[in-house]
Amino acid sequence: MTGGLQRVASTAVLVVFSLLLTVLILWVSGYRVGDVFSGIIQGAVTATGASTSTIRWAIPLLLIGLGVVIGFRAGFFNIGGQGQFYMGACCALAVSLGWREGPAPLVILCGTLAAIGAGTAWSLLPGYLRVRFGTDEVLTTLMMSFIGALVLQYLTAGPMRNPSGTGQTAASERIPDSFRITDGSGVSTTVLLLVGGVAVLVWLLLERTRFGLAMTLVGRNPTMARWQGINAGRVGLATFALSGALAGLAGAVELYGPGARLVTGFSPEVGFTAVVVALVGLLTVGGTVVAAVLFGGLQSAILFLPIVTDLPPPALVLLHGMVAFLVTIKFQAVWRRTGPGAKAMAS
Amino acid sequence: MTAPSESASAATPAVRCRSLGVSFGAVQALRDVSLDLSPGRIHALVGQNGAGKTTLAKVLGGLQAPQTGEVRIAGRKIPLGDVRAAQTAGLAMVHQHFSLPPSFTVAEALELTAARKGGRSLYRRSELHQRWQDDVAEMGGPTVLATRIRDLPVETRQSLEIVRALAGDARILLLDEPTALLTPAAIDQLFERLMSLRDDGVTILIVLHKLREVAAVAESVSVLRDGELVLGPSEMSEVSEAQLSDAIVGPASSADRAIGKGPSAEAAQDTLLELVGVSCRESAFELGLNEINLRVESREIVGIAGVEGNGQRSLVSAIAGLAPIADGSMRLGGVDATRAGPARRRLRGLRLVPFDRNSEGISRSAPLWLNQSALRLIGRHRRRFPLISLRQYKRQAAEAMDLWRVRYDAVGQPAESLSGGNVQRLILSRELAPGLEVLVAAQPTRGLDFSATNFVRRSLRELRDGGAGVLLVSSDLDELFELSDRLLVMYGGRIVARFQAPYDRQAVGDAMTGALR
C-alpha cells in the first residue's frame, strides 16, 4: 500500500515539477508568471464555462487513455489512439450523413458501433502484425495514426467536404441537430453516464475478471502465460481490439457531442496526450480518470490563455511535452528495475 | 628450485581469511568466517542455497567488500572489495554464469575480458590468434579461436572461462558452481583439468552442490550453513558423507515432511500419456523430434535421460502443446490430443514443471497469488457471473502455498522475491494440486539445494504412489536412477534405448553419448 502511495506521490511531484519548469521557461521568455498561473486557473476552473470545458476535453483523453491502459496491462504500447479516434469519427460521420432521415437513436447507435468497429480495425492490424510476426507495435500504431490523419484530410477535403463551406480549413457538413447528444459545450448527462459507465466496465474487466488476470500474466511474462495454457496471442489481439474500440468510441462521442462535423486535423494531439494521461495515471483506471481531468483542464487553459495574456497556445503545449518527457523517463527507470530484463541488468 | 617444505606451506596458506562478516540489510550472509586454504590443493566449499557460498567467493574475488575481517593471499594482506587488487595478488574467479560476450569470437572475447597485459588497442585478427593460441590449445579439443562464443557447446564455454581466469597468471582459482550447466561427461573433463592445474601448483576453491562431485574432485572440504563455517576445512578422507550432509542441512528439520497428495485414482493401470511416432521440427534452439514412442501409465515415473540438447526441450514443448506435432499422434487420458492447444491439454489434467522455472514457470514481477492461481484462468468459468472475488483467489493461493510450505511474507509480494527452492515449491503447489492426471517434470531439482531437492523428489514419489503418472526429464543420472520405474534415453531427437531398473550406469551412459544405437 505504501508502495502505491509512493508512486502516486512521485508522479504528482513530477507533474508539479514539469509545471514549474514550463513556467520557468515562460518567465525567461519574458512572460509574467503570475498572469500565466492565474490564466491557467481561470481557463481550467474559474472562468465562465471553464470547468465544463475541462470535462469536455477530459472525455476523449479518458476514453483513449483507458485504451492505452488496457494495452499496457497485456504488455502492448498502443500509441496510435489518434488514428483510431479519427477513423471512428469518420465512420460515425459517414453513417450519420448517409442516413440523415433515420430515427436519431438508431442512427446514433449505428454510428457509434461503426466508430467502435473502425477504431478496432485500425488497431487490430498492427495488433495482428505484433502477435503474429512480432512487429514493433509502437512503430506500426504510430504509422497507422498518420494514415488515419491523412484519411480524415482526404474525406473532409474530398468526398465529405461541405461544398458551401467558407472556412479556411476543409470541413464536412454538419450532422442534423437531432443526432447531437450534447450542446456545443460537449458535456451532457448522457455523455457523462456513458463515459463513467465505460470507466467502471474497464475497471471491472481489468481488476475483477479472469480475462483481466490473464492479461496481466501475458503482460508480465508471455512465456509463462503460454506454459500455463493461456493463449497469449488471442489475449494480445483482444487487448488491441478493446483499446482501438475505446479510441473509436471517443471519435463518435466527439462527433455526436461538441463536434457535429469533422474539420481537417481536429484535436490533433488528443491521441498522444492520452498516452501521457495513462502514464501519469500510473496505468490504472482511477489514476487515468484523475489525469484525464488534469490534462483536460490544461487543454481548456491552453485555449483560454491567449485571451487573458498574449501567450500563444503552443507555449502551454510545451507543458505537455515536459510532462511526457519526465514521465517517460521515470517509467523507463521503473520498467528497467522491474521489467523482464531487470535481473540481467542488475547483475 | 626446491619444493617448499611441509612446514613452510602450512605456515603460509594460499588464502587466509579472518572473521569475515557480510550483511545485506537484516540478512547476515556471512558471519565470522575464518578459513585457511593450503596451497596447491583442491578445496571444495559446499552448503545449501543461501548459505553464503557465493558471497564468500565474491569477497575473495574482490567483488564484495565485507563489513568485518581481512583476507591475506600468500601471507600478504589485500585491500578488500577491490577486483584489481585480488587479480594482482594472483586470484581469479570463474563465475556461476558465463561471462564471455556471446557475439564475440573466442580470441576477441579473451582479449577483451582477460586480465593479461601486453595487448594493443589496435590489432589484427592473426595477432590475436597468436596471442591466445597456446592458452586455448592447453584446454584440449579442437581449435576454436575464430568461433563465436554463442556457437560453442556449454562445456567448451566453461573451459574458456577457466582459460580467461588463468590468463593473468593466476595462482588461485575460484569456481562458483561450475558444474551446474554441465553434463556428466563434461563434469569429468572439468575435474581432470582442475586436477592437472592443481598438479601445476594452482590452488583451487570450488563451490559445489553435489556430494558425489565433492568426493570426485576435492581433497579438502568446508561447509557453510546460514553464513557460518560449520565444518572444515577438513581432509576429505577424514569426513564421511553422512557427516557432511548433516553439517550442510543442520539439526534435523521436520519442516520438510510429507505433504501433497496425488489424485486418489483407482489402482488400475491406465495409460495417461501416449506418444505414437511423434515428430516435430527443430526450433532455433533445439533439435526436433524423430518418431518418438512413449507411454506413461498411472503409478509410474518414466525417466528421460540424455545429454542436454538432444531434443528434451522439444519433447516437453510438444507434450505441452507449445510446439506443433508434425507427424504422429498424442493421447492424453486415452483421448486424442494431437491437435489440442495448451489450454485443452491442461484442462485434461496435464501438469508441467518447465525447464526454466524463472522464465517459464513463474512470472517474476507478478504477485505470488497470481502466479499460484494461473491455472484457474483457463477453461470455462464455473459460474455464469463473469466477475471473480480476488479475496477468494488470494485466500486459496495462500492455503495452497502454506500446504507446500512456500516461505513468503505476503501473497501480494512479487514472485522474484522468493529463493530458488521456494519458487519451485510455488510451482509445485500450482501444478500438483488436485486435477492432475499426468505430470511432466523437466529438471525439477536443477540448482536446488539438498533439502529442496529431497523435497521435490519425495513429492514426485508420493504423486506416483497416489496414482498419477510422471514423466521425469533430467540430466542428473543419480536422480533418474533413484526415481524412475523405467528409463528412456534420448539422443539426437530420438529415443535410442529403454532400460528397466536396476540400471547399468555404463550402458545408460553409452546410450546417452550415442555409442549405442
Task: Residue-level interface, residues 240-251 of chain A with chain B, non-hydrogen cut-off under 4.5 Å - done: none

Open item on the list: Can you give me the closest heavy-atom contact between A:Arg220 and B:Ser363, atom names plus distance?
Closed with: CB-OG, 3.0 Å

Task: Heavy-atom contact with chain A under 4.5 Å, split by part of B:Arg430 - done: side chain

Task: Exercise: do A:Gln228 and B:Glu431 side chains pair donor with acceptor under 3.5 Å - done: yes

Open item on the list: With side-chain contact (heavy atoms from CB on, under 4.5 Å) as the criterion, how do B:Arg364 and A:Asn221 come out once you've worked through the C-alpha distance, each side chain's angles and the decisive distance to 0.1 Å?
Closed with: CA-CA 8 Å; B:Arg364 294 170 49 80; A:Asn221 182 352; 5.8 Å; no

Task: Residue among A:Thr216, A:Thr209, A:Leu205, A:Leu204 with most heavy-atom pairs under 4.5 Å to chain B - done: A:Thr209

TODO: Write down the atom of A:Arg226, the atom of B:Leu322, and the distance for their closest heavy-atom approach.
DONE: O-CD2, 3.7 Å

- [ ] Mind listing the closest non-hydrogen atom pair of B:Pro342 and A:Gly229 along with its distance?
- [x] CB-CA, 3.8 Å

Open item on the list: For B:Leu390, is there any backbone N or O sitting under 3.5 Å from a side-chain donor or acceptor partner on A:Arg208?
Closed with: no

Open item on the list: I'd like to know whether CZ of B:Arg395 has more than 12 heavy-atom contacts from other residues, nucleotides or ligands below 6.0 angstrom.
Closed with: yes

Task: N/O donor-acceptor pair under 3.5 Å between A:Asn231 side chain and B:Ala343 backbone - done: no

Task: Max heavy-atom pair count under 4.5 Å with chain A, selected residue of B:Ser359, B:Gly412, B:Ser317, B:Pro414 - done: B:Ser359

- [ ] Of all the heavy-atom pairs spanning A:Trp227 and B:Arg346, show the shortest one and how long it is.
- [x] O-NH2, 2.7 Å

Task: Shortest non-hydrogen separation from A:Ile230 to B:Leu377 and the atoms involved - done: CD1-CD1, 4.2 Å

- [ ] Select one option (side chain, backbone, both, neither) describing which atoms of B:Ala320 are under 4.5 Å from chain A's heavy atoms.
- [x] side chain

Task: Heavy-atom contact with chain A under 4.5 Å, split by part of B:Leu352 - done: side chain

Task: Closest non-hydrogen atom pair, B:Ala366 against A:Leu217 - done: CB-CD2, 4.3 Å

Open item on the list: Do A:Phe211 and B:Ile388 have side chains that approach each other closer than 4.5 Å (heavy atoms only, starting at C-beta)?
Closed with: no

